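The structure displayed is predicted, hence computed values, not measured ones. Below, all heavy atoms of this structure are taken into account, side chains as well, without hydrogens, waters or symmetry copies.
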Amino acid sequence: MIDDMSTLTIGRLAARAGVNVETVRYYERRGLLPEPPRSEVGYRQYSPAALDRIGFIKRARGLGFTLEEIRDLLDLRVEPGANCEAVEMEAAQVIARIDAQIAQLERMRSALALLSDACRTRHPAAECPLLEALEAVP
């Protein structure tokens with residue numbers, strides 16, 4: 001059994017990591033957090049390393065990595081012979097996805113700006129070019 005002074009319950013882990021308990025359980029189910037040992041009464045007993053791992057996951061999510069990609073990154077950290085090239089390839093995929101999202105957002109912004117400019121003529125709402133465009137059948 002792990003020493004109680006060096007373990008965290010799921011509630012304490014979640015609070016210290018800034019996530020909710022269900023997130024911790026979800027990360028376990030997805031294989032991002034190893035299943036911890038349990039106390040004699042069945043409580044999960046997380047090591048401080050779990051807190052570090054959740055921090056890693058949160059920072060990676062903040063950079064746009066999916067949970068599957070994060071699992072790959074975590075695996076690369078412990079895989080013998082793995083190098084930064086594999087990590088760079090993962091990052092390149094995220095960058096490409098972000099670039100595609102930026103392009104889509106720019107198209108959306110341009111379309112909305114055109115429709116918004118058309119509203120400056122102060123048509124009655126029933127004749128609003130923006131509302132008419134939204135009601136148009138594709």
Within the 4.5 Å heavy-atom criterion, are [X] and [Y] side-chain neighbours or not?
X	Y	value
I57	Y27	yes
L13	V19	no
P36	Q45	no

Do other residues, nucleotides or ligands put more than 12 heavy atoms under 6.0 Å from E79 CD?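 Counting neighbours around CD of E79, more than 12 heavy atoms of other residues, nucleotides or ligands fall under 6.0 Å, so yes.
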
Report, as yes or no, whether the 6.0 Å neighbourhood of atom CZ on R16 holds more than 12 heavy atoms from other residues, nucleotides or ligands.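 No - once you tally the heavy atoms of other residues, nucleotides and ligands closer than 6.0 Å, there are 12 at most.
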
Taking all atoms of both residues into account, what is the closest heavy-atom pair of [X] and [Y], and its distance?
X	Y	value
C128	C119	SG-SG, 3.3 Å
V21	G11	CG2-CA, 4.0 Å
N20	A14	C-CB, 3.8 Å

Between F65 and D72, is the side chain to side chain contact (heavy atoms under 4.5 Å, CB included) condition met? List the steps. CA-CA 10 Å; F65 287 93; D72 292 345; over 6 Å; no

*Using the side chain to side chain contact (heavy atoms under 4.5 Å, CB included) rule, take E28 and R44 through it: C-alpha gap first, then chi angles, then the decisive distance, then the call.*
CA-CA 11 Å; E28 276 184 44; R44 291 174 170 91; 3.2 Å; yes

If you measure from [atom1] on [X] to [atom2] on [Y], what distance do you get to the nearest 0.5 Å?
X	Y	atom1	atom2	result
S47	R53	OG	CZ	9.5 Å
L130	D117	CG	CG	10.5 Å
R71	L76	CZ	CG	12.5 Å
Y46	I10	OH	CD1	3.5 Å
I70	R61	CD1	CZ	5.5 Å

Could you walk me through whether L115 and L134 pass side chain to side chain contact (heavy atoms under 4.5 Å, CB included), step by step? CA-CA 10 Å; L115 291 169; L134 293 174; 5.7 Å; no

* Given R77 and F56, is the side chain to side chain contact (heavy atoms under 4.5 Å, CB included) satisfied, shown in steps? -> CA-CA 12 Å; R77 287 182 60 85; F56 180 99; 3.9 Å; yes

What about [X] and [Y], same hydrophobic cluster or not, with Ile/Leu/Val/Met/Phe/Trp/Tyr joined at side-chain heavy-atom distances under 4.5 Å?
X	Y	result
Y43	L33	no
V78	V87	no
L63	I102	yes
L67	I95	no
L32	Y26	yes

Which residue pairs pass the side-chain hydrogen bond (donor to acceptor under 3.5 Å, both in side chains) test when at least one of the two sits in residues 90-116, sequence neighbours left out?
->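 For residues 90-116, and leaving out neighbouring residues, the side-chain hydrogen bond (donor to acceptor under 3.5 Å, both in side chains) pairs sorted by first residue read E69-R97.
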
Determine, for R25 against E22, whether the closest basic-nitrogen to carboxylate-oxygen distance falls under 4.0 angstrom.
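Counted as a salt bridge, because a side-chain N and a carboxylate O are separated by less than 4.0 Å.
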
Can you tell me if K58 uses its side chain to pair, donor with acceptor, with the backbone of A17 under 3.5 Å?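 Checking the backbone N and O of A17 against the side chain of K58, a donor-acceptor pair under 3.5 Å is found.
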
- prompt: Would you say R12's side chain and L8's backbone share a donor-acceptor pair under 3.5 angstrom?
  reply: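 No; judged by distance alone, with no hydrogens or angles, the pair does not exist.
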
